[in-house]
Amino acid sequence: MYVFLVAAVLAAGLLFQHYAGRVNYAPLFTNMDARQAAGVVDKLKEMNVKYQLADQGSTVMVPREQVYDLRLQMAGSGMLVGSGIGFEIFDQTKLGVTDFERRMNYLRAMQEELRRTIVQMDEVEQARVHLVLPEPSVFVREQRAGSASVTLKLKPMARLKPEQVRAIIYLVASGVENLPPENVKVIDTQFGVLSDGVNVAEGSLTQQRVVQQDLKREFERDLERRIQEMLERILGPGKAVAMVTANLDFNHKEVTRIEFGDQVERSVQVMEETGSSTGGATQPAGIDPNLGYTYPVGGGGDSQFNKTTRSTTYEISQTQTKEIYAPGKLISLSTAVAVDGELDPAKVAVIENLVRAATGYNPNKKDPSLEPDQIIVTSMAFNNDYIKEAEQALADLGAAQRKAEQTRQWITFALQALGIILAFVLGLMMLRRRMESGRMVDITVPELIPVKQIATPALTQEDQMRKEKQDRVREMARQKPEEVAHLIRAWMAED
């Protein structure tokens with residue numbers, strides 16, 4: 001009994017000392033490489049600050065109440081994680097610096113300044129910038145352009161959009177002299193070349209294409225959502241998958257058509273000429289009579305003539321039509337629907353008709369520039385292994401949480417039981433002390449602890465009454481020990 005009480009008291013003391021002296025640690029810096037972590041740890045050792053390493057040495061933990069003070073001190077001493085030397089390298093002028101050293105310092109400072117700007121992006125966790133600048137030449141024709149490479153470490157689940165990659169390219173190209181944007185390459189830590197899909201030479205044109213692709217994908221997603229909702233209402237959730245591919249024409253066209261009809265008379269002009277002449281004396285006809293040649297002429301008489309001229313003007317009917325085609329014309333639409341399970345041909349035909357009506361299917365288009373639409377509906381068994389894996393992962397997570405909760409409950413119960421035991425031990429100690437001093441009755445059984453018979457002198461009347469009360473209490477303790485113990489605990493609680 002006493003051994004157990006002593007062990008419980010010692011365990012309680014050790015537990016209290018552990019929790020009372022426990023230090024709450026908080027991250028000082030995270031995501032550091034080995035070299036940076038070593039520098040921070042050496043600085044903390046010089047300052048006699050307790051620390052812990054986490055995440056395989058990439059995170060340094062310090063007492064929570066010292067986090068902000070230590071960060072300021074590290075910043076003042078140049079120990080910021082991931083920091084380099086920027087243009088502050090020129091704050092101190094050194095004598096005897098060669099042109100090569102000055103040029104290399106400028107290159108280091110420029111790389112660091114660009115890195116500091118790039119890491120301000122929310123998706124970028126860390127960055128490195130490497131510049132290659134040729135030596136300047138006195139000959140204009142021998143001037144060569146520089147080049148640069150940017151390595152990005154993105155945050156988990158983060159992705160850069162093409163316009164963000166283009167912004168990084170133009171940032172580096174604009175900040176360095178004689179560096180064209182096409183000579184800047186951007187890669188990530190997964191060895192993916194992010195700058196390959198970015199056309200920096202035609203920024204506005206590329207941006208327009210991006211907008212067109214967004215409009216096309218938004219149109220396709222809207223059709224897919226409508227088909228998906230319709231099929232899920234019929235077949236059930238997760239029983240069908242729909243994919244839509246739209247061919248849109250974003251060219252702006254203006255077409256003018258002129259059609260000619262039959263010819264019709266526009267105007268008719270008729271002109272008639274009539275006249276008469278009378279005969280005269282005979283004259284030699286032909287050449288001059290002096291030449292000696294003469295021709296006889298007929299005898300004289302009256303003559304009449306009549307001339308009619310008709311002129312008709314024709315005109316062809318003409319119809320002119322001007323059509324303007326706005327960008328975004330639908331050329332063709334292809335729809336693929338997959339249904340989970342085996343379906344009979346009749347049900348597949350019903351689903352195909354529903355999809356045709358929902359997408360505005362048009363197989364025979366009058367416009368020759370338009371392509372016919374396509375719809376394919378098929379039934380097959382879906383692979384739902386990923387759902388089972390997700391359910392198993394959720395079940396494991398729930399079991400781990402329940403186990404952790406149960407562990408916390410057991411710890412709580414153990415602490416409560418330990419507190420009750422300590423209270424009981426303290427109560428027994430106080431009860432024994434009072435019993436030994438005579439202020440409380442002795443409730444121990446006489447057979448277990450013999451009581452010495454001590455000769456007492458003659459008692460006064462008051463002492464005699466007190467002794468009689470004590471004897472009655474002892475007798476009651478022998479007969480009803482449980483009730484007496486309950487009464488004593490109630491008294492102790494009141495004290």
Side-chain angles (χ1 to χ4, degrees), residues 122-123 154 157-167 192 194-257 321-341 343 347-380 382-384 386-387:
D122 296 335
E123 294 81 0
L154 303 180
M157 305 302 293
R159 294 292 182 271
L160 289 180
K161 298 179 180 179
E163 52 268 24
Q164 292 176 313
V165 178
R166 187 183 303 110
L194 305 180
S195 57
D196 277 354
V198 179
N199 190 349
V200 294
E202 300 178 0
S204 60
L205 182 59
T206 305
Q207 182 65 24
Q208 184 179 1
R209 291 176 180 174
V210 171
V211 174
Q212 293 175 358
Q213 290 295 326
D214 293 341
L215 293 175
K216 175 179 177 294
R217 189 59 192 139
E218 184 65 26
F219 176 73
E220 294 172 347
R221 278 197 294 262
D222 182 65
L223 287 179
E224 291 173 357
R225 178 182 55 81
R226 294 172 60 187
I227 297 173
Q228 195 82 22
E229 291 178 355
M230 178 185 66
L231 295 179
E232 288 184 351
R233 293 289 297 272
I234 298 173
L235 303 174
K239 294 296 183 180
V241 177
M243 297 294 293
V244 177
T245 301
N247 185 10
L248 302 179
D249 185 9
F250 289 98
N251 295 326
H252 181 81
K253 296 181 180 179
E254 184 175 334
V255 179
T256 302
R257 291 189 178 90
T321 305
K322 186 176 183 181
E323 297 180 358
I324 299 176
Y325 294 91
K329 181 180 179 181
L330 180 62
I331 303 298
S332 64
L333 194 67
S334 300
T335 307
V337 177
V339 181
D340 187 14
L343 300 179
K347 197 166 185 179
V348 172
V350 172
I351 295 176
E352 185 174 350
N353 292 332
L354 291 175
V355 175
R356 287 182 179 181
T359 57
Y361 176 75
N362 186 9
N364 300 321
K365 298 181 178 180
K366 297 181 180 180
D367 192 347
S369 62
L370 303 181
E371 300 176 1
D373 296 339
Q374 295 181 357
I375 292 180
I376 298 177
V377 179
T378 183
S379 60
M380 61 181 63
F382 287 1
N383 185 2
N384 297 324
Y386 72 97
I387 298 179

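Not measured: the values here are computed from a predicted model. No hydrogens, no waters, no symmetry mates; every other heavy atom, side chains included, goes into these values.
Taken to the nearest 0.5 Å, the CD atom of Glu218 stands 13.5 Å off from the CD atom of Gln213. To the nearest 0.5 Å, atoms OH (Tyr361) and OG1 (Thr335) are separated by 9.5 Å. Here CD of Glu229 is found 10.5 Å from CG of Leu231. Values are rounded to the nearest 0.5 Å. Atom CG of residue Leu330 and atom OG1 of residue Thr359 lie 10.0 Å apart, to the nearest 0.5 angstrom. Remark: Thr378 OG1 to Leu343 CG distance equals 9.0 Å, nearest 0.5 Å. Taking CD1 of Ile234 as the reference point, atom CG of Leu354 lies at 5.0 Å (rounded to 0.5 Å).
Between the Asp249 side chain and the Lys329 main chain, no donor and acceptor come within less than 3.5 Å of each other. A side-chain donor-acceptor contact under 3.5 Å links Asn353 to the backbone of Ala349. Glu232 places no side-chain N or O within donor-acceptor distance of the main-chain N or O of Ala240, the cut-off being under 3.5 Å.
A pairwise comparison of heavy atoms in Leu333 and Ala246 identifies CD1-CB, 3.7 Å as the closest pair. Residues Ser379 and Gly341 share a closest heavy-atom pair of CB-O, 3.2 Å. In terms of heavy atoms, Leu154 sits closest to Arg159 at CD1-CA, 4.5 Å. Summarising the geometry of Val337 relative to Ala242, their closest heavy-atom pair is CG2-CB, 4.3 Å, with the distance given to 0.1 Å.
Residues that satisfy the side-chain contact (heavy atoms from CB on, under 4.5 Å) test with Glu123, not counting sequence neighbours, are Met121, Ala158, Leu160, Gln164. Looking at residues two or more places apart in sequence or on another chain, you find no salt bridge (charged side-chain N to carboxylate O under 4.0 Å, His left out) involving Lys347. In this view, Arg217 and Glu220, Glu224 satisfy the salt bridge (charged side-chain N to carboxylate O under 4.0 Å, His left out) rule, not counting sequence neighbours.
Within a 6.0 Å sphere centred on CZ of Arg226, other residues, nucleotides and ligands contribute 12 heavy atoms or fewer.
The only option from Ile227, Ile375, Leu235 that meets the side-chain contact (heavy atoms from CB on, under 4.5 Å) definition with Ile351 turns out to be Leu235.
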